[in-house]
Trainee: 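What follows is a structure written as structure tokens; I'll ask about it next.
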Amino acid sequence: MHEQYQFREIEAAAQSHWEHQQSFVVREQAGKDTFYCLSMFPYPSGKLHMGHVRNYTIGDVIARYQRMQGKNVLQPMGWDAFGMPAENAAMKNQVAPAKWTYENIAYMKAQLKSLGLGIDWTREVTTCKPDYYRWEQWLFTKLFEKGVIYRKNGTVNWDPVDQTVLANEQVIDGRGWRSGALIEKREIPMYYFRITAYAEELLSSLDELTGWPEQVKTMQRNWIGKSFGADIVFDYDQASIGIEGQLRVYSTRPDTLMGATYVAVAAEHPLAQRAAEHNAELAAFIAECKSGSVAEADMATMEKKGVPTGQFVIHPLTGDKLPVFVANYVLWGYGEGAVMAVPAHDERDFAFANKYSLPITQVYAAEGKDFSASEWQEWYADKSGLTTLNSGKYNGLDFTGAFDAIVADLEASNHGARKTQFRLRDWGISRQRYWGCPIPIIHCDSCGDVPVPEDQLPVVLPEDVVPDGSGSPLAKMPEFYSCTCPKCGQPAKRETDTMDTFVESSWYYARYASPQYTQGMIDPAAANHWLPVDQYIGGIEHAILHLLYARFFHKLMRDEGLVSSNEPFKNLLTQGMVVAETYYRTLENGGKDWFNPADVEVERDAKAKVIGAKLKSDGLPVEIGGTEKMSKSKNNGVDPQAMIDQYGADTCRLFMMFAAPPEMSLEWSDAGVEGASRFLRRVWRLAHSHASAGLPAALDKASLNDEQKAVRRAIHLAIKQASTDIGQYHKFNTAIAQVMTLMNVLEKASTATEQDRALIQEGLETVTLLLAPITPHIGHALWSALGHTDELLDVSWPAVDESALVQDSLTLVIQVNGKLRGEIQVPATASREEVEAAARQNENVLRFIDGLTIRKVIVVPGKLVNIVAG
RNA sequence: GCCCGGAUGGCGGAAUAGGUAGACGCAAGGGACUUAAAAUCCCUCGGUGGUAACACCGUGCCGGUUCGAUUCCGGCUCCGGGCACCA
């Protein structure tokens, strides 16, 4: 054992040992408990960022801990390799996305290996390779035949200059990011997954996911958004509209129908289109509604505007004529594209009615309260304890009474029906992009949309294309799209859209069970052996979309007979972001020049409070911009590679796990890394001085003196705390703090006798084992230095010796009226009465209760005594 | 705008059944060792007052429940994540 902690040699030796032993290659083993530990696979963007390092360290710690619990652990890794960044890089550097992607994968794989992750690399999956996406195409054709996938129009962002569809991310303040052109909404045909058919199950089976954070389940519930309401039908007023017809709306508040004073439709609604034919102002407004992005956040924050169509519809209960407006806040493609408005009982309707001086009819009141504009919020916010008014025959009812009576009448007159609706919309997966999985459909003039037959799969994406940012490259390649119809043999055209990359990431976890399987999408026997995933780890930003799509896909695969479970991920851990300080200077044009924290020197006052910062290169001041998520745009990314090279993987892993609990955001700190490194050097130093004096004989637990008992108690307290922290709560930071506390004790412990040294041996073994999942390389070296020949990876997690925790006396806190006034030592066996009596005699207590009467004494066993006096 | 979170010393964080606020670490200050530096070790370290013992205040803000609230309840403020074509 070398005197110095030489992490490079130690880490290289451990990694080559694991590689040589194939330590992390797993097979199905009958009779052994499995543990499938999965981290969200990375997009191969170039190099690892801190978020990856954090994610995969958390996963590796859990995987190694479970292995020490005796489980057969599967920890795979792969690449979410299709996506937009590859196309952007291609345009910038004139490199094909495939080449760029494969080079990134090679580099990042080496980086992952240098972190010492216990990954079974024989199961590596790369989503842009035909052997992966062919099965995605296969499932697509099956689902298309079943009707789970269908085609309809959808709205996209259209850049009229580049003549291309843009992602929401590529629309900045309503303009295309490259062209600067004003973006328009455009309707194009797309393929959709009928996820709404699974809405009910996706909602109800959330209850089975007891290992998921409540927060994530709540977000998914709200996203699915089950609501109870009614369809309501308004007959057209023929005089103003000119034709017979009916306007259908959905409302969760049919009970307020008597308060409806207008209806609003989306710009794309047929009524709006019809009215605009002879109304220039309306036509202009409809055109205005078509500008801007399709992102819901943009739609929801823009000013609510509307224009009357001059048309009216007939209120189904009163026969009154209600004006029809076109409003920019009504979304086409969501519900019926039309809403009824009840200004008195809906915030948005109220604002709109005030803006356009529309009538407001209050139909609910609470006892003793009058309606006034200043109190309007009370009227729509609450539907309990209110009674209807201004509602004719429906007066004097509560919410349920009004709801039932009105819906019954609507149903009787064929003007509506009770309906349960979901907010969830079908999943549109068509992308007018090159670097994605081709949609396996052939368009034939006589046969329509024909799925590509199984024996012609995969539809291979050509890999040598460099996109130019205008339109879809595949649509310009006859050699790709020219084909013959599989049904009739006539010339036909292949679909040139590719799939949303969320499709690949919706089933990769299942492919890991049988990654090289050529007989099907997944081998059911292997999949059912490993699935569901025991622990899934990834960023909180995936709480809704990715996790909902993957749950949906699991149910699709179940219904195809590929898997037998209902849900893919049993336990979920959502990690927080990695953030760092930002620094900038404002440029003359008002823009900002961002500086990397590595290039900036921070200035502090005498109390170490940060008072300023300057650039190292020119010594001039820079502005401090606050901590933000590490990103290219703010230039505040810290390269994990530099840290691994300078301090080693173990230090890097230790710091990541110690700095914050996994769910919380983690602030980058160079000094903190230094501290983690210092701690590992201390462990090494103690182990070295211990081992170089010769390993001691076994500990005689029966003959320990008080000092030795205290040391042994510290050892087993650390085991106890670290076991619950890691095993139960995933609080790696406090587990590490416990081990640090133990090290503080061990460093000060006596080494005078063989018995003392046997205790140090037990302590060092404990430190090694508790840290083994977190810092496995140094653990590997220490374990053999402590005289062991077995494999640390498979050593059992240490067990608590409860007898070591027993204490003879306890320290109790004494309070007077809830304020800390002193401490007393009592025998562990002291009765409640004895404890109370001791507390009453405490000098400080006597001082504080002097002249007061003791009203009550509260004794919390083992903790405190509170004397209530007044 | 809507949905979901978060806020504790100079900093990261701890307090996992309502029971000692600040564990553990970082930074800082003082000291030891050293020719010197690095490394290492020791001491101090929420604020105010006090020589000290100690006292009072203190967990984003306002209010409530309780013998006792960082923890529970009501109302806010600010920051972050998501919003269906970023992954």
Side-chain angles (χ1 to χ4, degrees), chain A residues 40 42-43 45 80 83-85 154 156-157 165-171 213-216 218-219 221-223 225 294-302 304 329 347-348 424-425 427-433 500-502 505 539-546 548-549 574 576-577 579 604-610 626-629 655 658-661 663-667 669-676 678-679 681-682 685 724-725 728-729 731 733-734 736-741 744 811-820 823 844 855-858 860 863-864 866-870:
Chain A
M40 291 182 186
Y43 177 79
S45 54
D80 189 14
M84 238 176 22
V156 295
N157 302 307
V165 176
L166 296 184
N168 285 334
E169 189 193 52
Q170 297 172 314
V171 181
E214 265 325 304
Q215 167 198 3
V216 174
T218 305
M219 282 192 261
R221 272 187 203 105
N222 292 339
W223 185 262
V294 298
E296 198 192 301
D298 293 340
M299 304 286 284
T301 48
M302 70 189 174
K304 309 287 178 289
Y329 65 84
E347 181 175 4
R348 195 175 54 187
L424 183 68
R425 312 202 290 261
W427 175 17
I429 54 121
S430 293
R431 298 291 179 268
Q432 299 68 46
R433 265 183 264 288
D500 181 359
T501 57
F502 272 126
S505 56
I540 183 69
E541 66 272 21
H542 297 291
I544 295 174
L545 292 180
H546 163 61
L548 188 65
Y549 292 147
T574 49
M577 297 172 310
V579 298
R604 295 165 188 277
D605 65 10
K607 285 191 169 179
K609 197 169 187 171
V610 173
T627 49
E628 297 199 41
K629 180 176 174 170
F655 168 70
F658 180 60
E663 300 84 2
M664 236 186 257
S665 64
L666 183 153
E667 188 172 341
S669 150
D670 286 325
V673 180
E674 188 64 50
R678 187 178 306 148
F679 175 72
R681 290 199 300 269
R682 277 172 59 198
R685 200 184 319 127
T724 43
D725 283 354
Q728 218 175 320
Y729 300 111
K731 289 251 190 178
N733 56 328
T734 50
I736 293 165
Q738 277 302 312
V739 180
M740 288 175 167
T741 306
N744 290 342
T811 305
L812 299 189
V813 160
I814 312 300
Q815 298 179 332
V816 176
N817 291 332
K819 289 199 174 186
L820 179 65
E823 282 181 357
N844 214 29
R855 302 234 160 94
K856 200 164 47 157
V857 178
I858 290 151
V860 182
K863 286 211 167 125
L864 60 72
N866 186 16
I867 295 169
V868 185

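Here is the naming used below: chain letters follow the sequence lines, and residue numbers restart at 1 for every chain. Not measured: the values here are computed from a predicted model.
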Trainee: For a quick test of reading the model: is some side-chain N or O of A:Lys819 closer than 4.0 Å to OP1 or OP2 of B:C57?
Mentor: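 For B:C57, OP1 or OP2 has a side-chain N or O of A:Lys819 closer than 4.0 Å.
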Trainee: Would you please name every residue forming a side-chain hydrogen bond (donor to acceptor under 3.5 Å, both in side chains) with A:Gln170, sequence neighbours left out?
Mentor: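 Not a single residue meets the side-chain hydrogen bond (donor to acceptor under 3.5 Å, both in side chains) criterion with A:Gln170.
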Trainee: Output all residues satisfying side-chain hydrogen bond (donor to acceptor under 3.5 Å, both in side chains) with A:His542, sequence neighbours left out; order by chain, then residue number.
Mentor: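 Counting only residues at least two positions away or on another chain, A:His542 forms no side-chain hydrogen bond (donor to acceptor under 3.5 Å, both in side chains).
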Trainee: Got a sec, which residues hit side chain to side chain contact (heavy atoms under 4.5 Å, CB included) with A:Thr741, two or more places apart in sequence or on another chain?
Mentor: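 Side chain to side chain contact (heavy atoms under 4.5 Å, CB included) check on A:Thr741 returns nothing, list empty.
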Trainee: Could you tell me how far B:C57 sits from B:C3 if I compare only their C1' atoms? Round to whole Å.
Mentor: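 Between the two C1' atoms, the distance is 39 Å.
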Trainee: So, OP1 or OP2 of B:C4: does either fall under 4.0 Å of a side-chain N or O from A:Asn222?
Mentor: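 Result: yes.
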Trainee: What pairs with A:Arg682 under salt bridge (Lys or Arg N to Asp or Glu O under 4.0 Å), at least two apart in sequence or on another chain?
Mentor: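 A:Arg682 satisfies salt bridge (Lys or Arg N to Asp or Glu O under 4.0 Å) with A:Glu747 only.
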Trainee: Can you give me the N/O atom pairs linking the protein to nucleotides 15-20 of chain B at distances under 3.5 Å, or say none if there are none?
Mentor:
from  : atom 1 : to       : atom 2 : distance (Å)
B:U16 : O2'    : A:Tyr729 : OH     : 3.4
B:U16 : O2     : A:Tyr729 : OH     : 2.7
B:U16 : O4     : A:Asp725 : OD1    : 2.1
B:G19 : N2     : A:Gln815 : OE1    : 3.4
B:G19 : N2     : A:Asn866 : ND2    : 3.2

Trainee: Apply side chain to side chain contact (heavy atoms under 4.5 Å, CB included) to A:Ser430 and list each qualifying residue two or more places apart in sequence or on a separate chain.
Mentor: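 A:Ser430 satisfies side chain to side chain contact (heavy atoms under 4.5 Å, CB included) with A:Met190, A:Tyr191, A:Gln432, A:Ile439, A:Asp497 only.
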Trainee: Could you measure between the two C1' atoms, the one in B:C54 and the one in B:A7, and give it in whole Å?
Mentor: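 Each nucleotide's C1' atom is 33 Å from the other's.
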Trainee: Could you list the residues that satisfy side-chain hydrogen bond (donor to acceptor under 3.5 Å, both in side chains) with A:Trp427, not counting sequence neighbours?
Mentor: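 A:Trp427: side-chain hydrogen bond (donor to acceptor under 3.5 Å, both in side chains) contacts with A:Asp500.
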Trainee: Could you pull out all residues at least two apart from A:Phe658 that satisfy ring pair (Phe, Tyr, Trp, His ring centres under 6.0 Å)?
Mentor: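 Result, ring pair (Phe, Tyr, Trp, His ring centres under 6.0 Å) vs A:Phe658: none returned.
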Trainee: Taking only the P atom of each, what is the distance from B:A21 to B:G46 in whole angstrom?
Mentor: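 After rounding to an integer number of Å, I get 14 Å for this pair.
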Trainee: Think A:Asn733 has a side-chain N or O under 4.0 angstrom from the OP1 or OP2 of B:C26?
Mentor: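 Looking at the OP1 and OP2 atoms of B:C26, neither is under 4.0 Å from any side-chain N or O of A:Asn733.
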Trainee: If you measure from the P atom in B:C43 to the same atom in B:C26, how many Å do you get, rounded?
Mentor: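 Their P atoms lie roughly 14 Å apart.
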Trainee: Go through the structure and list residues passing side-chain hydrogen bond (donor to acceptor under 3.5 Å, both in side chains) with A:Arg685, not counting sequence neighbours.
Mentor: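 Listed in chain order: nothing, the list is empty.
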Trainee: Looking only at side-chain N and O atoms, does A:Asn744 come under 4.0 Å of OP1 or OP2 in B:G25?
Mentor: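 Yes, because at least one side-chain N or O of A:Asn744 sits under 4.0 Å from OP1 or OP2 of B:G25.
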Trainee: In dot-bracket form, how is RNA chain B paired, counting a Watson-Crick or G-U wobble pair only if both its distances are under 3.5 Å and using | for bases paired to another strand?
Mentor: (((((((..(((......[....))).(((((.......))))).((((....))))..(((((..]....))))))))))))....
Trainee: Does B:G80 have its OP1 or OP2 closer than 4.0 Å to a side-chain nitrogen or oxygen of A:Ser665?
Mentor: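 Checking B:G80 against A:Ser665, no side-chain N or O comes under 4.0 Å of OP1 or OP2.
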Trainee: Set out, line by line, the N/O atom pairs under 3.5 Å between protein and nucleotides 38-40 of chain B.
Mentor:
from  : atom 1 : to       : atom 2 : distance (Å)
B:U40 : OP1    : A:Arg681 : NH2    : 3.4

Trainee: For a quick check, tell me whether the side chain of A:Gln432 and the base of B:C85 share a donor-acceptor pair closer than 3.5 Å.
Mentor: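 Flag set: donor-acceptor pair detected.
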Trainee: In whole Å, what separates the P atom of B:U40 from that of B:C45?
Mentor: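 After rounding to an integer number of Å, I get 22 Å for this pair.
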Trainee: Taking only residues two or more places apart in sequence, or in another chain, which ones meet A:Asn817 in a side chain to side chain contact (heavy atoms under 4.5 Å, CB included)?
Mentor: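 Per chain and number, A:Asn817 pairs via side chain to side chain contact (heavy atoms under 4.5 Å, CB included) with A:Val868.
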